[in-house]
Amino acid sequence: RRLSQVPGLQAADLNVATEKLQVRWDTAKCKPSDILHAVHEVGYLAYPYDPIQHGELLRKNSRTMFKRLFVAGLSMMQVMMYAWPEYSLSHGSEAPAILTLQSTDGLSGQDRALLRWAQWMLCLPLMLFCAQPVIGAAWQQFKQRRPTLAWSSAVAMLAAFAVSTHATFTGVGPVWFDSLSMFVLFLLLARHATEVLRHHAMLAVLATHADLPARVERVSESGQSALIARDALHVGDRIRIRQGDVVPADATLLVDQALVSEAVLTGEDRPVLKREGDALMGGSRLLSADVQARVSVIGHNSTVGHIQQQLRMAATQRPEQTGWHARLSLPLLLAIVAVSGLSGLWASTQPALSAWSVGLSVLMVSCPCAISLAIPSAWTAATIQLQRSGLLVKRMAILDEWPDITDVVFDKTGTLTAGERVVQCMLLDGSVAATAAQQSAIVQLLADLSAMSLHPLSRAILTWAKTAG
């Protein structure tokens, strides 16, 4: 919403999984600094993409999250330890044998105050350091007047800490430090799980570059060759592709013919014969002798670029069904606050109940933060699992429609295969009786012959021979 207010900004595409924002703007109306400033205003740090800087930032965020989880877990355990005596030594109950406190009349006022002050001290780093991601996100959304369910989480934490602090300083009323510490820890664990899933989604997008060579042999018009980075290729460059290498970019074949495998792209394991002038797809593998080709397409318009774009769309697209919680954020938030307030008012009329305790209890129990964290986590996990199985989801809404699917139509056999031939067994001439040693020698001979070829059938025979031998 804020980016749409930047003059001259024509398009913006945010990929939450890879944490990248792609923008297109009119250079006559705005500057990149205007876009970065707008992103900063909504509470996010943005900078021109740099792989090294981006990787360092990811490592820094990962270390910070680990520290927050460690502090939250340690604080929660210590707070529970100090809260247990007050629970177990309530007035009129006997002290358990495992406790060193020997009072049978409950805790004295000084003992209770000491335990509460210890809990308060432990919850200070919890609120000042561990809870900052949740409180900070809610504050940014509040400044943008975007009511979300994160508000209730932040309000519940702040209210619990404020009420418990008041009870600690005055000695009147119950404290909620134990519930607060568990609440913060569980929220951080859920956020960490979501970040891990997003990281795996990012790796799935980046994995499309994994098989492409990092360096390419470029040939000048005079015939001299030099190794350059793949990212330094330009349209029209003449390159040499060695036998067995992966084609680094979409190119046009410059020799009479070549045999390539496009199984990784199409799923078809049958080698494809290319002739002079034919297109070579980036990501395919050269099976025949060395060839020369001229780069025709690079970047987002290349074959690998299109695949990456589809992966990015699958990572960022959200089905319409998951937007219901966003539409109901404000009504649900108001309902939670209203129910909490009414519960507190009712408790104020009951001599045995505390209005603050009842209202805060309702607020923390009814906090629907799990919905906000579970929905994107579930969709991201489903997308990653499907990608690992070789399925690319172009329309996320299909996942919600999956139970209603009755028929599946495949456009070619490649979508049903692994892209590799597999040897099932070896059949010998029935008229010849071969001993086990002779069969082993035949298998070894087949392996030696297949090792000298990159043909898919030779690769299949070699793989089978290694396991059979």
Side-chain angles (χ1 to χ4, degrees), residues 14-21 42-46 53-80 122-141 148-158 160-161 177-207 311-312 314-316 318 322 325-326 329 364-365 367-388 396:
L14 175 63
N15 188 336
V16 180
T18 59
E19 299 181 351
K20 292 181 182 179
L21 175 66
V42 298
Y44 294 95
L45 176 63
Q53 185 178 3
H54 184 64
E56 181 60 30
L57 181 62
L58 289 178
R59 287 188 290 271
K60 180 181 178 181
N61 292 340
S62 178
R63 290 193 297 267
T64 303
M65 176 58 73
F66 175 77
K67 292 177 182 178
R68 286 196 169 103
L69 286 172
F70 177 79
V71 173
L74 184 62
S75 299
M76 186 270 294
M77 290 187 292
Q78 296 299 316
V79 168
M80 287 295 181
L122 288 169
C123 283
L124 276 180
L126 196 74
M127 296 298 296
L128 297 177
F129 177 62
C130 302
Q132 284 308 302
V134 181
I135 299 176
W139 174 245
Q140 293 296 335
Q141 294 165 358
T148 64
L149 299 180
W151 286 15
S152 59
S153 303
V155 171
M157 287 190 297
L158 293 174
F161 185 74
F177 293 125
D178 53 342
S179 300
L180 174 63
S181 60
M182 285 192 298
F183 191 61
V184 174
L185 177 61
F186 291 153
L187 282 179
L188 287 179
L189 288 173
R191 291 176 67 92
H192 176 65
T194 303
E195 292 300 324
V196 169
L197 291 174
R198 288 178 179 176
H199 179 67
H200 284 299
M202 178 182 66
L203 293 180
V205 175
L206 298 179
L311 287 171
R312 282 192 291 266
T316 57
R318 298 170 57 189
T322 63
H325 69 286
S329 293
M364 295 190 70
V365 171
C367 177
C369 56
I371 299 177
S372 302
L373 295 171
I375 291 179
S377 299
W379 290 111
T380 306
T383 303
I384 295 172
Q385 188 60 40
L386 288 172
Q387 289 176 0
R388 290 175 178 173
M396 287 290 290

Between Cys123 and Leu180, which heavy-atom pair has the shortest distance, and what is it? SG-CD2, 4.5 Å
Could you tell me which residues satisfy side-chain contact (heavy atoms from CB on, under 4.5 Å) with Val71, sequence neighbours excluded, listed by chain and number? Ser75, Pro125, Phe129, Cys130
Nearest 0.5 angstrom please: Phe161 CZ to Leu124 CG, how far? 4.5 Å
So how far is it from Phe183 CZ to Leu188 CG, rounded to the nearest 0.5 Å? 10.5 Å
Nearest heavy-atom pair of Leu126 and Ser181: which atoms, and what distance? CD2-CA, 3.4 Å
Phe186 side, atom CZ; Leu189 side, atom CG - distance, nearest 0.5 Å: 7.5 Å
Closest heavy-atom pair, Arg68 versus Gln132, reported as atoms and distance to 0.1 Å, is NH2-CB, 4.1 Å
Between atom CE of Met157 and atom CD1 of Ile135, what is the distance when rounded to the nearest 0.5 Å? 4.5 Å
For the atom pair CD (Gln78) and CZ (Phe177), what is the distance rounded to the nearest 0.5 Å? 15.0 Å
